[in-house]
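To keep things clear, I will list the structure first and then write my remarks on it.
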Amino acid sequence: MRGASAPPPETEGELLARAQSLAGRTLAELAAELGLAVPPDLRRAKGWVGQLVERALGACAASRPGPDFAALGVELKTLPLDRHGRPCETTFVCNVPMRAVSELSWGDSPLRHKLARVLWVPVEGERQLPVGARHVGAPLLWSPSAEEEAVLASDWEELAGIIGRGGIESLTARVGRAVQVRPKAAHGRVRRRSLDAEGTSIDALPRGFYLRVSFTEAIVRRSYAAPAQRRGDRAPR
DNA sequence: GATTGATCATAC
DNA sequence: GTATGATCAATC
């Protein structure tokens with residue numbers, strides 16, 4: 001992706017204010033300001049919306065490891081919503097550290113670190129809407145509540161336990177209440193070193209941790225339910 | 001219609 | 001190939 005990029009925000013408040021200034025704008029407007037072309041659809045540009053918002057907010061380069069806003073310790077996630085305010089997709093969090101997973105407790109897991117502080121930026125995501133016509137919604141700076149963290153930690157223990165015992169090949173996306181493990185690769189022939197139940201090294205398809213729709217839906221629903229107590233506010237536009 | 005398993009683009 | 005950003009599309 002070519003084009004310009006905003007300077008990085010220096011404080012969380014500045015980041016949030018900048019994200020709020022994006023609310024109500026269309027992706028075509030943001031793209032024009034950054035000198036970027038809008039793709040006809042996302043089939044061949046699946047990360048385009050996320051990268052566009054990264055640039056608009058001055059996040060670090062998209063391909064580098066670590067938080068999007070390194071100095072602030074904040075991770076940026078765009079969240080595609082349907083007309084009812086429900087996420088259209090699950091949310092990728094991080095790759096599964098196949099071999100190290102058995103040595104990691106929830107406290108030092110990549111899952112906890114990635115989700116410690118997240119700036120959620122909702123974006124209209126229905127496929128029938130032309131990409132450029134989609135609106136950015138009101139942002140939400142989030143950290144897991146005690147209840148949310150308890151669910152995430154329990155999922156980590158269960159999923160990491162299965163993988164740590166060499167069960168990666170038998171692990172399906174049905175396991176986990178808030179988090180699930182699914183393939184994460186460029187194509188089906190990609191392999192990564194893992195361990196089977198006997199501790200023998202095997203080559204397995206890389207996997208990632210994803211947040212279920214029900215979990216992210218609850219996050220956005222709560223955040224817009226409170227302000228909506230004043231007369232009939234609805235999902236962000 | 002929702003979910004799972006598969007896949008796409010880009011930077012280094 | 002690895003890591004970033006995710007959505008697609010077959011199937012349940």
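In this text the structure is predicted, and so the values were computed from the model without any measurement. In what follows, chains are A, B, ... by sequence order, proteins preceding strands, each numbered from 1. When reading the values below, keep in mind they use all heavy atoms of this one structure, side chains included, and skip hydrogens, waters and symmetry mates.
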Throw together a table of side-chain donor-acceptor distances under 3.5 angstrom for residues 156-168 of chain A, partners on residues two or more places apart or in other chains.
from: A:W156; atom 1: NE1; to: A:L104; atom 2: O; distance (Å): 3.3
from: A:R165; atom 1: NH1; to: A:G161; atom 2: O; distance (Å): 3.3

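- Going from atom CZ of A:R189 over to atom C1' of B:dC8 covers 13 Å, rounded to whole Å.
- With rounding to whole Å, A:L205 atom CG is found 16 Å from B:dT4 atom P.
- Salt bridge annotation for A:R212-A:E89: absent, with no cationic side-chain nitrogen under 4.0 angstrom from a carboxylate oxygen.
- Between the CZ atom of A:R207 and the P atom of B:dT4 there is a distance of 14 Å, rounded to whole Å.
- Taking A:E33 as the reference, A:R25 meet the side-chain contact (heavy atoms from CB on, under 4.5 Å) condition, with sequence neighbours excluded.
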- Query: Reading nucleotides 6-12 of chain C 5' to 3', which nucleotides get B (base under 4.0 Å from a protein heavy atom), which S (sugar-phosphate only), which -?
  - Reply: BBBB---
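- What separates CZ of A:R191 from C1' of C:dT2 is a distance of 16 Å, to the nearest Å.
- Within the 4.0 angstrom heavy-atom criterion, only backbone atoms of the sugar-phosphate kind lie near A:R86; the bases stay farther away.
- One finds no side-chain N or O of A:R55 lying less than 4.0 angstrom from the OP1 or OP2 phosphate oxygen of B:dT10.
- Comment: A:D203 does not engage A:R192 in a salt bridge, judged by the lack of any side-chain N to carboxylate O separation of less than 4.0 angstrom.
- Atom CZ of A:F215 is separated from atom P of B:dT3 by 16 Å (rounded to the nearest Å).
- Look at CG on A:D68: it is 16 Å from P on B:dA11, rounded to the nearest Å.
- Protein atom CD of A:E75 is 15 Å distant from nucleotide atom P of C:dA3, rounded to whole Å.
- In this model, a donor atom of one side chain and an acceptor atom of the other lie less than 3.5 Å apart for A:S145 and A:E147.
- Spacing between atom CZ of A:R212 and atom C1' of B:dG5 amounts to 13 Å, rounded to whole angstrom units.
- A:R117 and A:E75 are not joined by a salt bridge, as no carboxylate oxygen comes within less than 4.0 angstrom of a charged side-chain nitrogen.
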